Protein chains: 2
Amino acid sequence: MARTAGSHSDITGPRVLDAALRLFARHGYAAVSMRQIAKEVGVQAGALYNYTPDKQSLLFDLMKRHMEDLLAERAKHRGAGSALEQLEDFTRFHIRYHLDRSDEVFIAYMELRNLTPENFAEIEALRRDYENELEAILRQGEEEGVFAPADTRIETMAVIAMLTGVTTWYRAEGRLSAGEVERIYWDMVRKAVSV
Amino acid sequence: MARTAGSHSDITGPRVLDAALRLFARHGYAAVSMRQIAKEVGVQAGALYNYTPDKQSLLFDLMKRHMEDLLAERAKHRGAGSALEQLEDFTRFHIRYHLDRSDEVFIAYMELRNLTPENFAEIEALRRDYENELEAILRQGEEEGVFAPADTRIETMAVIAMLTGVTTWYRAEGRLSAGEVERIYWDMVRKAVSV
DNA sequence: GTCTATATGGTGATAGAC
DNA sequence: GTCTATCACCATATAGAC
């Protein structure tokens, strides 16, 4: 299975995705040309097609990789402790993960309409899986009587929107550390859903 | 000042902006061509340039109109009652206004990076003015002792992100009326910022 | 695996007839 | 005010040499 000596496919492939990630996040999928991506990688445009069948696949692969990684990381935290502990864990995880991957998050939210219908459906299903993680925690908390009875689905969407919003203003060089931001948001989330 | 009889500039001009609004919201600024806009209006592409100097101005005018209208509507509500009453008013206004203008809101959030630097600065300043409306209410509530002392700026961003999030899932034909959504979100906002 | 060259068609914007 | 025609350029994707 070893590749021919001198083959660069092991390194050029990832570099194509990395360049697409940066450029799509900065300028938007529709505004970025394959020639720009090629220039960033350091090859001619035609060479990109050794690594992707087309431009759409670059976008889809980036979004799918992001969502699957998000779900995999979240799965490592699942299922321990009370609803309150789990909600704090989810809140802090969500903020930390999203602050660490601002490019991926930006694309995942902004470029949905540039996916083909089939690709869109697949990404949406993964997003729904992630939302359900939070919804399950809120439901458990309501059953435990520690969270206020509410429209759990809407509560879920509201909390995720609030948390994801950090990516629009947070700057690593700003006055707050990620840990302080986590604490502030956890304070608001806890109060918002409690009895 | 009356225009020549038969002139259509009074109606074609707004129709150009309307078509751009719908198409930009649906497909994104970069993905929409002047020919598509012209087709939607029912003229040839060249005729559009009687109403706009270029494509960028279409985007900027849409965003500026949206932000100025938002600020003007908000100004009608300002300044009456306690901080708690004002916060409820702001919350319900924000949700109602944003649900009524999903296309404008979508563009205002998604197309910032397609503005020229000068245009971006102008829109950002208007957005900041709007955020300051909420921040002033939160500050007043903290002074009154009815809201918990907190990082008011972050609280502001968190609340706006949560409220604006309704536009991503709300459907007029869904199970909830706009009024019910307002009440649910107001419940969460009130608890999140209270002592 | 990467290159150059190319096929095919779309882009924003303008000029000048009517 | 709108049209047709056009300019100069850029798009994605492919073919075939090396």
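Chain A is the first sequence line, chain B the second, and so forth, proteins listed ahead of strands; every chain is numbered from 1. These numbers were taken from a predicted model, which means no experiment stands behind them.
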**Message:** Walk me through whether A:L126 and A:H66 qualify under side-chain contact (heavy atoms from CB on, under 4.5 Å).
**Reply:** CA-CA 10 Å; A:L126 292 171; A:H66 170 65; over 6 Å; no
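A distance below 6.0 Å separates the ring centres of B:Y130 and B:F90.
End-to-end axis angle of the helix from C:dG1-D:dC18 to C:dC18-D:dG1, using five pairs per end and rounding to 10°, comes to 0°.
Taking only side-chain nitrogens and oxygens, B:T12 never comes nearer than 4.0 Å to OP1 or OP2 of D:dG1.
Checked for salt-bridge contact, B:D187 and B:R190 meet the test: a charged N lies under 4.0 Å from a carboxylate O.
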For residues 21-31 of chain B, which side-chain N or O atoms pair as donor and acceptor with protein atoms under 3.5 Å away, sequence neighbours left out?
residue : atom : partner : partner atom : Å
B:R22   : NE   : B:E40   : OE2          : 3.3
B:R22   : NH2  : B:E40   : OE2          : 3.0
B:Y29   : OH   : B:Q56   : N            : 3.2

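Among residues two or more places apart in sequence or in another chain, the salt bridge (charged side-chain N to carboxylate O under 4.0 Å, His left out) test is passed with A:R128 by none. Scanning for salt bridge (charged side-chain N to carboxylate O under 4.0 Å, His left out) contacts around A:D18 gives an empty result, with sequence neighbours left out.
Separating the CD atom of A:Q44 from the C1' atom of D:dA15 is a distance of 16 Å, rounded to the nearest angstrom. Taking atom CD1 of residue A:I37 and atom P of nucleotide D:dA11, one finds them 11 Å apart after rounding to whole Å. In this structure, B:K39 atom NZ and D:dT2 atom C1' are separated by 18 Å, rounded to whole Å.
Within the structure, every pair that satisfies the salt bridge (Lys or Arg N to Asp or Glu O under 4.0 Å) test and touches residues 132-143 of chain B, not counting sequence neighbours, is listed here: B:R74-B:E133, B:R78-B:E133, B:E135-B:R139, B:E135-B:R153.
Using a 30° and 60° split on the angle between ring planes, B:H94 and B:H98 fall in the parallel class, below 30°.
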**Sugar-phosphate or base contact per nucleotide [nucleotides 11-18 of chain C; S, B, -; heavy atom under 4.0 Å]** = BBBB----
